[in-house]
Amino acid sequence: MHGTRILDEADRLMTVCNSCRYCEGLCAVFPAMEMRRAFSDGDLNYLANLCHACGACYVDCQFSPPHEFNVNVPKTLAVARAESYAAYAWPRALSGAFARNGLVISITAALSMAAFILGFAALNDRGVLFGVHTGPGAFYKLMPHNAMAALFGAAFLYAILALAMSVRAFWRDIGAPIGDRADGGSIFQAIRDAGELRYLHGGGVGCYNEDDKPTDRRKLYHHLTFYGFILCFAATSVATLYHYLLGREAPYPWWDLPVVLGTLGGIGLIVGPIGLFAAKMRRDPALLDEFSYGMDVAFIAMLFLTGLTGMLLLVLRETAAMGPLLALHLGAVFALFITMPYGKFVHGIYRFAALVRYAQERRTAA
């Protein structure tokens, strides 16, 4: 018996699949499964996070519904994957907080922070809110840089701490010995696999979504979202170096590196989440984990709002709309930070850890 009902079901399916092995060439899940004859809770959570939900095994399986064996690996592992986010969350008191009401909580947090920033500005000088501010330091008319850096730095550091503690618990539970460190070769292989989304291809033909015709659309939208986020993070990092090392204050000219990186990233964070949301709306219900729908949509929405408000701020930063747009953008970023350790964002972190573990196992087996 396992810790949850869905892990019992995942164990049953992995036992069936281990006897069949027809799908072993589709992705990393089945070769990793074949290295085991019995499955602990950690093994099943490892396999669940190694799954990329391409749907190929459901389409190819001779035992999928309506067969009496009722083998539906993508949906079962999707539910187990969502439950693992709560199982390893730190602190545990907040585990599962965003599973069903993620969108409401995220929007509320974003609007609350935006209202706080607007109230902070109005308390000091009401004319700042709708004034036209240009040149270096214009953004800090709304809130001083030190206050802004302290507030968002604290939120970011908390997110990093919570994610680190969660991944530590996950890494220990998926079978890696305590104190075992991943070797450089395994980490590099996992970076390549994650960066290419190697296993979101259904064995080479593409991802299945709304029907039995594979495409690469979900892979494209994931790439746009992921690299859009990376570019936005790079833009913020470069701007931080500009501020503290070169003494240059935002906003920067459109041709400067932080703006170029942020613009490209913002486009990715608009187009990618729209595509992911459209794909989720069309996804075959047989493959969909309806219980984590709120958490999934919340993450997509916060990424989209971060990208949209950032692009609007770039276009309208020399108008009277700058103040309210900056408050909304910062509110969206703050909400994204504090929900990271408890929402869909962690799936990328856990999946990378699972890919590292899989690379280790392959190297050991070889």
Side-chain angles (χ1 to χ4, degrees), residues 52 98 102-103 105-111 113-114 117 139 148 152 155-156 159-160 163 194-197 200 207 216-240 250-252 254-282 293-317 321-322 324-349 351-352:
H52 286 54
F98 300 90
L103 184 59
I105 294 174
S106 298
I107 295 296
T108 301
L111 293 179
M113 177 51 63
I117 295 173
F139 290 159
M148 192 181 297
F152 287 87
F156 180 71
I160 295 299
L163 285 170
E196 299 171 3
L197 283 177
L200 193 63
C207 181
D216 287 323
R217 287 195 296 269
R218 284 186 70 229
K219 189 173 184 178
L220 172 63
Y221 298 143
H222 274 87
H223 274 312
L224 287 170
T225 303
F226 174 73
Y227 288 109
F229 180 85
I230 293 297
L231 286 170
C232 287
F233 184 78
T236 303
S237 300
V238 173
T240 301
Y252 304 107
W254 63 267
W255 44 263
D256 217 337
L257 185 58
V259 179
V260 173
L261 292 173
T263 300
L264 295 175
I267 294 172
L269 286 185
I270 292 174
V271 178
I274 289 176
L276 290 177
F277 180 73
K280 180 169 288 293
M281 293 294 292
R282 294 195 301 265
Y293 184 82
M295 178 174 60
D296 294 353
V297 172
F299 180 54
I300 293 173
M302 295 318 300
L303 288 174
F304 173 75
L305 288 176
T306 299
L308 179 63
T309 55
M311 293 299 291
L312 289 175
L313 180 61
L314 174 64
V315 174
L316 301 174
R317 62 183 179 176
M322 187 271 283
L325 283 174
L326 179 60
L328 286 173
H329 179 63
L330 293 177
V333 172
F334 181 83
L336 183 63
F337 281 171
I338 64 171
T339 59
M340 272 183 181
Y342 313 106
K344 189 61 179 290
F345 180 85
V346 298
H347 92 286
I349 308 297
R351 182 163 291 161
F352 178 75

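Numbers here are sequence positions counted from 1. Worth knowing before you read on, the calculation uses all heavy atoms, side chains too, and leaves out hydrogens, waters and symmetry mates.
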- request: Measure across G272 and L224 and return the closest heavy-atom pair with its distance rounded to 0.1 Å.
  value: CA-CB, 3.9 Å
query: Which heavy-atom pair separates L261 from A235 by the least distance, and what is that distance?
result: CB-CB, 3.8 Å
Pair F304-I274, side chain to side chain contact (heavy atoms under 4.5 Å, CB included): steps then yes or no: CA-CA 7 Å; F304 173 75; I274 289 176; 3.7 Å; yes
message: Quick check: closest heavy atoms across C232 and G265, and the distance to 0.1 Å?
response: SG-C, 3.5 Å
- prompt: Looking at V346 and M340, what are the two nearest heavy atoms and their distance?
  reply: CG1-O, 3.2 Å
statement: Output for pair (F345 CZ, L163 CG), nearest 0.5 Å, gives 6.0 Å
- request: Report the distance from atom CG of L257 to atom OG of S237, rounding to the nearest 0.5 Å.
  value: 10.5 Å
- prompt: For the residue pair Y227 and H223, is the inter-centroid distance of their aromatic rings smaller than 6.0 Å?
  reply: yes
message: Could you check whether any side-chain heavy atom of V260 comes within less than 4.5 Å of a side-chain heavy atom of W254, counting everything from C-beta outward?
response: no
task: Starting at SG of C207, measure out to CZ of R218 and round the result to the nearest 0.5 Å.
output: 4.0 Å
task: Determine, stepwise, if the pair L313 / M322 fulfils side chain to side chain contact (heavy atoms under 4.5 Å, CB included).
output: CA-CA 6 Å; L313 180 61; M322 187 271 283; 4.0 Å; yes
Gap between atom CE of M302 and atom NZ of K344 - 0.5 Å precision: 16.0 Å
message: If I take atom CZ from residue F139 and atom CE from residue M148, how far apart are they, to the nearest 0.5 angstrom?
response: 9.0 Å
- request: Compare all side-chain heavy atoms of V297 with those of F277 and state whether any distance is below 4.5 angstrom.
  value: yes
- prompt: How close do R217 and R282 get, heavy atom to heavy atom, and via which atoms?
  reply: NE-NH2, 4.1 Å
Exam field: side chain H329 to backbone L325, donor-acceptor pair closer than 3.5 Å: no
query: Would you say L326 and I117 make side-chain contact, with heavy atoms under 4.5 Å?
result: no
message: Nearest 0.5 angstrom please: T225 OG1 to I230 CD1, how far?
response: 11.5 Å
query: Taking all non-hydrogen atoms of both residues, which atom of L269 and which atom of F229 are closest, and how far apart?
result: CD2-N, 3.7 Å
query: For the residue pair F156 and F337, does the interplanar ring angle fall in the parallel (under 30°), tilted (30 to 60°) or perpendicular (over 60°) class?
result: tilted
